[in-house]
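Chain A is the first sequence line, chain B the second, and so forth, proteins listed ahead of strands; every chain is numbered from 1.
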Amino acid sequence: MKPAAVRTARRRTSGGTLPASFYSRDTEIVARELLGCIVECRGPRGLTRGRIVETEAYLGEHDPACHAAAGRTKRTDPLYGPPGIAYVYLIYGTHWCFNAVTRPEGLPSAVLIRALEPIDGLALMRSRRPAAHRNVDLASGPGKLCAALGIDMRHNRHPLTRPPLVIRRGNPVADDAVEVTPRIGIRKAVDWPLRWFVANHPGVSRVPRR
DNA sequence: TCGAAGATTGTCT
DNA sequence: GACAATCTTCGAG
């Protein structure tokens with residue numbers, strides 16, 4: 001039994017940090033279980049925190065939509081690193097995307113964090129995302145959440161078990177509140193059901209195009 | 001060295 | 001719904 005002070009402290013920090021072993025499992029399981037967890041990023045301007053409401057799985061070299069399908073390159077190298085590190089890259093020259101690397105080392109797969117429900121540091125997020133008209137729009141997309149939390153190339157390869165960028169346990173999302181659909185914005189493997197999100201949550205990004 | 005593509009977003013019509 | 005912004009990466013020549 002842990003001392004009450006420790007239990008209270010853990011509650012205050014929205015749950016303990018997810019260990020590296022959490023990520024060392026099937027990417028699809030990690031993507032599902034990351035729903036409800038808390039992403040926390042500390043920077044010189046303060047702390048920002050959000051609850052994960054949408055994820056996508058990218059399964060490795062056999063997944064045509066995964067960056068690793070092109071093999072190991074300078075860009076995709078973090079995917080081949082240990083599970084539990086961040087893979088951050090620039091898309092369209094304008095937006096950062098944030099992934100958590102999964103599975104045992106050497107298997108290049110990851111979970112893209114697509115959307116967060118803002119929890120803490122909303123004023124700071126708003127200053128970084130002046131285009132967002134509602135709080136729920138501050139992090140409702142992969143590029144948006146990186147901007148809101150201040151995630152960029154500096155966090156590439158960063159272990160998600162240590163500040164300034166960590167993922168903590170949150171409140172688990174029940175199965176009947178989770179929807180699974182094909183991934184968004186890709187041109188290959190467009191029918192693979194590898195996107196998980198909290199049903200009817202206003203913070204999830206776009207619905208799939210048809 | 002050059003050109004094309006890209007896991008997006010915001011603005012304009 | 002269409003389209004521009006903006007830059008890194010990679011393949012082709």
Looking only at atom types and distance, does a side-chain atom of [X] sit under 3.5 Å from a main-chain N or O of [Y], one as donor and one as acceptor?
X: A:Arg114; Y: A:Arg183; value: no
X: A:Thr161; Y: A:Thr17; value: no
X: A:Asn99; Y: A:Val101; value: no
X: A:Glu54; Y: A:Ser205; value: yes
X: A:Arg126; Y: A:Ala132; value: yes

Next on the checklist: My understanding is that only residues two or more places apart in sequence, or in another chain, count here; which of them pass side chain to side chain donor-acceptor pair (under 3.5 Å) with A:Tyr87?
Outcome noted: A:His67
Item to check | Residues forming a side chain to side chain donor-acceptor pair (under 3.5 Å) with A:Thr48, sequence neighbours excluded | outcome: none
Rounded to whole angstroms, how far apart are [atom1] on [X] and [atom2] on [N]?
X: A:Asp137; N: B:dT9; atom1: CG; atom2: P; answer: 11 Å
X: A:Trp196; N: B:dA7; atom1: CH2; atom2: P; answer: 18 Å
X: A:Leu145; N: B:dA7; atom1: CG; atom2: P; answer: 16 Å
X: A:Asn99; N: B:dT8; atom1: CG; atom2: P; answer: 11 Å

Checklist entry - Could you state the interatomic distance from CD (A:Glu61) to OH (A:Tyr80), rounded to the nearest 0.5 Å? => result 3.5 Å
Checklist entry - Do other residues, nucleotides or ligands put more than 12 heavy atoms under 6.0 Å from A:Arg42 CZ? => result no
Could you go through nucleotides 10-13 of chain B and list every protein N or O atom that sits under 3.5 Å from one of its N or O atoms, giving the distance for each pair?
| unit_1 | atom_1 | unit_2 | atom_2 | d |
| --- | --- | --- | --- | --- |
| B:dG10 | OP1 | A:Arg129 | NH1 | 2.2 |
| B:dG10 | OP1 | A:Arg129 | NH2 | 3.4 |

Item to check | A:Lys74 side chain, from C-beta outward: closest of B:dA7, C:dT9, B:dT8 | outcome: C:dT9
Checklist entry - Which residues pass the salt bridge (Lys or Arg N to Asp or Glu O under 4.0 Å) test with A:Glu117, sequence neighbours left out? => result A:Arg51
Might you list the N or O atoms of the protein lying below 3.5 Å from N or O atoms in nucleotides 4-6 of chain B, with each pair's distance?
| unit_1 | atom_1 | unit_2 | atom_2 | d |
| --- | --- | --- | --- | --- |
| B:dG6 | OP2 | A:Arg187 | NH1 | 3.1 |

Checklist entry - With a non-hydrogen cut-off below 4.0 angstrom, is A:Ile186 in contact with a base, only sugar-phosphate, or nothing? => result sugar-phosphate
Item to check | Pairing stems for DNA chain C [at least three consecutive pairs; Watson-Crick or G-U; under 3.5 angstrom] | outcome: B:1-6 with C:7-12, B:8-12 with C:1-5
